[in-house]
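Just follow the structure's listing: the first ligand is 1, and inside any ligand the first atom is 1. Because the structure is predicted, anything quoted here is derived from the model rather than measured.
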Amino acid sequence: MAADMEDIVRLAKARGFIFPSAEIYGGFRSTYDYGPLGVNMLRNVKNAWWRSMVQLRHDVVGLDAAILSSPRIWAASGHLENFTDPLVDCRNCQERWRADHLEPAPDGALHCPKCESTDLTEARAFNLMFKTFAGPLDDESNAAYLRPETAQGHFVNFSNVLRTSRKRPPFGIAQVGKSFRNEITPGNFVFRTREFEQMELEYFVPPDEAAKWFDYWCKERFEWYVELGIPRGMLRLRPHEKEELSHYSAGTSDVEFLFPWGWGELEGIANRTDYDLKAHSAASGEKLEYFDQASGDRYTPYVIEPAAGATRTMMAFLLAAYDTDEVAGEKRTVLRLDPRLAPYQVAVLPLSRKDTLVPVAQEVLRLLQPIAMCDYDETQAIGRRYRRQDEIGTPLCVTVDFESLEDHAVTLRDRDSTVQVRVPIDRVVDEVRSRLGA
Ligand code: GAP
């Protein structure tokens, strides 16, 4: 069962996934903090991406470039000039909107979604980059920008990576990190925020292979979401219309997810051609090319870019995993998260706080911690503790009870089926490992 937004926002806050930022000061403009569960899950999303894009491949290497770097990057890349959204003001209520997000009414006119007035200003280009000043003087010579995409770090380091990694096209550079955009209308929880995390691959290919690799990455990236548990029916691949394309793109397809309000982008796969490498070559005077010693060919590679949002994707995983069912006549909420994404893979639960059980439970905890992220909880009745773990998506609970003192075994409970089996303590690590597929 797919959740609606209220379910997820409530669960995220109540259980410690995502909190509104600066809540004690009334919050701050659609910014969010990731709590004890959220930080685990977001890390798992990023690790799953890194594993698939870097660890399991021989043709991709990683990078962690600076967020704050030379403003010349953004002049050369075209972002200073073109990274804009069309902004309109409502003259009646003074609210600001993105013109391309307003639905025209049946009379064809654009209406303010807040007060319904049609008295809107002409759209003007609003640059989304956050400007700041590097150094003590806030004058134009010290102007700098927070990066609006992690990409560009990949392009300006192209020669460094090529030289040190000894790769040749087709090869890729992967990066995960924060990006910042001064969005006109952030919203829908963490779907559109001003500070967010991206997971981006720039895959450099011989120009005549660009079409082939574009198709390859569209398929590959679509399947990544399916493999991690999003039902195919909640995903689609949508090619961009010509007028939607970014200033650098010769073709883009989005992997979209069926959010409660409709289809929305999780990831864009773009053919950036040789736009960026050529732009930085021209602006810096450094040749950003590949020289093929075998054939004697020198060329500027084309770039296929699968660019995903980590924070947005985490929300999609939460929405897709949310379910309710009945266990022993009682309604429960369960997050059917893939174990690789769940904030905790195992919860160790002593049946009671009695002195005799706690040391055994903590010994079991110490056995499991090296192979899984574990929660440990000795409060409340066991049934309530199971419900709490179901609600946060923990795939396995390990319960230490009074029998454990006699038979040196524990009860292993499965989140989805709720089936419980008895496992000897000296086999619990192997059993958990095999169930988690770890
Ligand atoms: N380098 C290409 C690029 O940045 P994009 O489509 O603008 O492409 C890639 O961004 C992904 O980053 C999006 O598919 C989305 O998941 C995420 N993203 C973009 N803007 C975002 C925002 N304001 N809040 C949260 N995620 C965002």
Side-chain angles (χ1 to χ4, degrees), residues 18 21 29-32 34 38 42 45-46 49 53 63 65 67 73-74 77-79 82-85 98 100-101 126-130 145-156 172-204 214 217-218 221-222 224-225 230 235-241 244-257 259 263-273 275-277 279 303-319:
I18 302 174
S21 189
R29 302 173 182 216
S30 295
T31 53
Y32 293 92
Y34 288 73
L42 185 57
V45 170
K46 293 184 284 186
W49 186 90
M53 302 298 267
L63 179 75
I67 289 175
I73 291 178
W74 308 110
S77 69
H79 281 78
N82 300 313
F83 197 60
T84 60
D85 278 339
R98 250 179 86 166
D100 56 334
H101 282 181
F126 171 74
N127 194 293
L128 298 183
M129 282 198 295
F130 276 102
Y145 300 87
L146 302 187
R147 66 183 179 196
E149 57 173 9
T150 69
Q152 302 307 326
H154 309 65
F155 301 128
V156 299
I173 306 178
Q175 181 168 206
V176 174
K178 291 234 170 173
S179 294
F180 302 83
R181 295 182 190 177
N182 198 2
E183 298 283 0
I184 297 167
T185 46
N188 282 331
F189 198 33
V190 296
F191 180 80
R192 182 170 291 104
T193 48
R194 295 195 170 105
E195 173 180 345
F196 54 97
E197 281 201 79
Q198 290 187 305
M199 312 182 285
E200 299 197 288
L201 173 72
E202 308 303 320
Y203 197 71
F204 300 92
F214 179 78
W217 280 112
C218 284
R221 293 303 307 147
F222 189 94
W224 184 79
Y225 296 93
I230 299 188
L235 291 168
R236 72 175 186 189
L237 195 66
R238 187 185 66 82
H240 276 206
E241 304 290 341
E244 281 180 86
L245 292 175
S246 310
H247 62 275
Y248 50 72
S249 174
T252 298
S253 283
D254 286 345
V255 178
E256 293 189 336
F257 175 77
F259 286 96
W263 291 100
E265 172 188 344
L266 291 181
E267 166 160 0
I269 297 112
N271 176 356
R272 287 182 86 128
T273 68
Y275 175 89
D276 301 272
L277 289 180
V303 172
I304 306 302
E305 176 197 63
T311 37
R312 191 180 281 188
T313 295
M314 172 177 154
M315 177 170 119
F317 282 125
L318 283 173
L319 282 160

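- Within the listing of ligand 1, atoms 14 (O) sit less than 4.0 angstrom from a heavy atom of E267.
- Under a 4.0 Å criterion applied to the non-hydrogen atoms of E305, ligand 1 contributes the atoms 1 (N), 2 (C).
- Close N/O approach between R194 and ligand 1 is not found [any backbone or side-chain N/O within under 3.5 Å].
- The distance from ligand 1 to the heavy atoms of E149 drops below 4.0 Å at these ligand atoms: 1 (N), 2 (C), 3 (C), 4 (O).
- Contact annotation: for F257 versus ligand 1, there are no heavy atoms closer than 4.0 Å.
- Using a 4.0 Å cut-off between heavy atoms, D254 makes no contact with ligand 1 at all.
- Remark: aromatic rings of F259 and F257 are close, center separation under 6.0 Å.
- For Y248, the heavy-atom gap to ligand 1 drops under 4.0 angstrom.
- Short contacts between ligand 1 and E200, defined as distances under 4.0 Å to a heavy atom of the residue, involve ligand atoms 1 (N), 2 (C), 3 (C), 4 (O).
- For ligand 1, the polar-atom distance check against R192 finds no nitrogen or oxygen pair separated by under 3.5 Å.
- Considering only non-hydrogen atoms, atom 16 (O) of ligand 1 lies nearest to L266 out of L266, L201, T252, T193.
- With a 4.0 Å cut-off on non-hydrogen atoms, R272 touches ligand 1 through its side chain and not its backbone.
- Test R147, K46, K178 against E197 for salt bridge (charged side-chain N to carboxylate O under 4.0 Å, His left out) and you get one pass: K46.
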